[in-house]
Amino acid sequence: MAQRTVLVVLFDAVQSLDVTGPVEVFTGAEKHTPGTYRVRTASLDGAPVRTSSGLTLVPDQALTAARAPDTLIVPGGEGSRHPDPRLIDWLREHGPRARRLVSVCTGAILLARAGLLDGRRATTHWAYCDRLARDHPAVDVDPDPIFVRDGRVATSAGVTAGIDLALALVEEDLDRDAALTVARHLVVFLRRPGNQAQFSAQLAAQTARRAPLREVQRWISEHPGADLSVESLAARAGFSPRHFARAFQAETGTTPGRYVDRVRLEHARRLLEDTGDGVEEVSRVSGYGTPEAMRRAFVKALGTSPAEYRRRFRPAPVR
């Protein structure tokens, strides 16, 4: 197997984790299978850069001296908002020469400014998806997934999603065992499927201020198959149904019904991704009752059926 060069672009005010996350993954894969990756970093002039958190990173070389890599990684950070025009020019010229073009977080903004995302589906950190779509209408921005693959171009959401994407690329290049070994060393999941939402149900909603409501949130997440009607949840919190519904929405930013829907969908997706349980069993334990009810929820929220979701996003079995 030929050694693949991974080149990470550096610039002032880059997000350090956008750089070090993928670097640790590919370096770990090289240690697992020597001779597979050569990881390099480069800045415009080869000078050290200062990250947004104040760390100083010393690149291996100048971008002008870098040969076309197998994988070109463009991180994000505050510096991506007002980039040096020379960096955009370099990306425009050299980006198409890489076999794979990858962005982490707001690195997608740099790729878009270089015209490298036109006509492609892409994502970025949730807080900048609207800006990316507004400033670059030729890009099909999807704000939900943690990473998106569109041909030779891959874009990912905020910082840790870059690790997920890098693990997926290692699994593609080598095998699942290599990716699993790296993930275990870094103490992270092997990988979250790319279309997993940037927000979990618990993160998408606020945590309630009052303890009885927080306890209800915990109960919902741990018992998606239980009776989660407003009446049942209100009784658990010690509120009247009407008072509970108002208080829950006021403190979490969403209604009890929408919160329950998100938790059940997330639970069902996780089972479809991680287990071999049948659709009927998944629908039952996730609180849908019937496969048809779960199918309707999936089509409404994700635009696909549970069976198709499993086919597309469940990792291949270890051989």
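Starting from 1, each residue takes its place in the sequence as its number. What you are looking at is a predicted structure, and each value in this text was computed from that prediction instead of being measured.
Residues Leu117 and Ala108 come closest through the heavy atom pair CD1-O, 3.4 Å. Pairing each heavy atom of Pro143 with each of Cys129, the nearest pair is CA-SG, 3.5 Å. The heavy-atom pair separating Ser16 from Ser53 by the smallest distance is OG-OG, 3.7 Å. Nearest heavy-atom pair across Leu111 and Ser103 is CD1-CB, 3.6 Å. Here the closest heavy-atom approach between residue Arg149 and residue Leu169 is recorded as NH1-CD2, 3.6 Å.
Screening residues 268-293 for ring pair (Phe, Tyr, Trp, His ring centres under 6.0 Å), with sequence neighbours left out, gives no hits. Legend: salt bridge (Lys or Arg N to Asp or Glu O under 4.0 Å) pairs involving residues 87-97, not counting sequence neighbours, sorted by first then second residue: Asp89-Arg92, Glu93-Arg97.
Linking Ile, Leu, Val, Met, Phe, Trp and Tyr whenever their side-chain heavy atoms come within less than 4.5 Å puts Leu186 and Tyr37 in one cluster. Grouping the Ile, Leu, Val, Met, Phe, Trp and Tyr side chains by contacts below 4.5 angstrom, directly or via other members, places Leu55 apart from Ile163.
Summarising the local packing, CZ of Arg40 is surrounded by more than 12 heavy atoms from other residues, nucleotides or ligands at distances under 6.0 Å. Within a 6.0 Å radius of CD in Glu280, other residues, nucleotides and ligands contribute 12 heavy atoms or fewer.
Formation of a donor-acceptor pair under 3.5 Å by the Thr41 side chain with backbone atoms of Asp60 is found in this model. A distance-only check finds a donor-acceptor pair linking the side chain of Asp150 to the backbone of Arg121 [under 3.5 Å]. A donor-acceptor pair is defined here as one N or O able to donate and one able to accept, closer than 3.5 Å; such a pair exists between the side chain of Thr123 and the backbone of Asp142. A donor-acceptor distance shorter than 3.5 angstrom exists from the side chain of Gln217 to the backbone of Ala208, with no hydrogens or angles considered. A donor-acceptor pair is defined here as one N or O able to donate and one able to accept, closer than 3.5 Å; such a pair exists between the side chain of Glu30 and the backbone of Thr36. Panel note: side chain Asp70, backbone Thr5; no donor-acceptor pair is recorded below 3.5 Å. Side chain of Ser283 to main chain of Val279: a donor-acceptor pair is present (N/O by atom type, distance under 3.5 Å, no hydrogens or angles). In this structure a side-chain-to-backbone donor-acceptor pair under 3.5 Å is missing from Thr124 to Tyr128. No side-chain donor-acceptor contact under 3.5 Å links His94 to the backbone of Trp90. Side-chain atoms of Glu251 come within 3.5 Å of backbone N or O of Arg210 as a donor-acceptor pair.
Annotation: side chain of Leu63 is in contact with side chain of Leu87 (closest heavy-atom distance under 4.5 Å). Residues Phe26 and Ile73 form a side-chain contact, since some pair of their non-hydrogen atoms from C-beta on lies under 4.5 Å apart. The closest side-chain heavy-atom distance from Leu233 to Phe244 is below 4.5 Å. Side chains of Arg113 and Pro83 form a contact here, defined as non-hydrogen atoms less than 4.5 Å apart. In this structure the side chain of Val102 never reaches within 4.5 angstrom of the side chain of Phe147, judged on heavy atoms. Within the 4.5 Å cutoff, side-chain heavy atoms of Asp45 are placed close to those of Arg86. A 4.5 Å side-chain heavy-atom check between Ser305 and Arg295 finds at least one atom pair inside the cut-off. Inter-residue side-chain proximity for Phe298 and Leu265 is flagged as met; some heavy-atom pair is nearer than 4.5 Å.
Applying the side-chain hydrogen bond (donor to acceptor under 3.5 Å, both in side chains) test between Thr106 and each of Arg81, Arg131, His125 identifies Arg81 as the sole match.
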In sequence, state the C-alpha distance, the side-chain angles, and the governing distance for Val9 and Leu72, and then conclude on side chain to side chain contact (heavy atoms under 4.5 Å, CB included).
-> CA-CA 8 Å; Val9 175; Leu72 178 61; 3.8 Å; yes

For the pair Arg120 and Arg152, evaluate side chain to side chain contact (heavy atoms under 4.5 Å, CB included) and give the outcome as yes or no after the intermediate values.
-> CA-CA 10 Å; Arg120 293 187 183 275; Arg152 55 180 288 276; 4.0 Å; yes

List the steps and the verdict of side-chain hydrogen bond (donor to acceptor under 3.5 Å, both in side chains) for Thr252 and Thr254.
-> CA-CA 6 Å; Thr252 68; Thr254 188; 5.6 Å; no

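His243 and Phe239 have tilted rings, their planes meeting at an angle from 30° to 60° on a 0 to 90° scale.
Arg269 and Glu266 are not joined by a salt bridge, as no carboxylate oxygen comes within less than 4.0 angstrom of a charged side-chain nitrogen.
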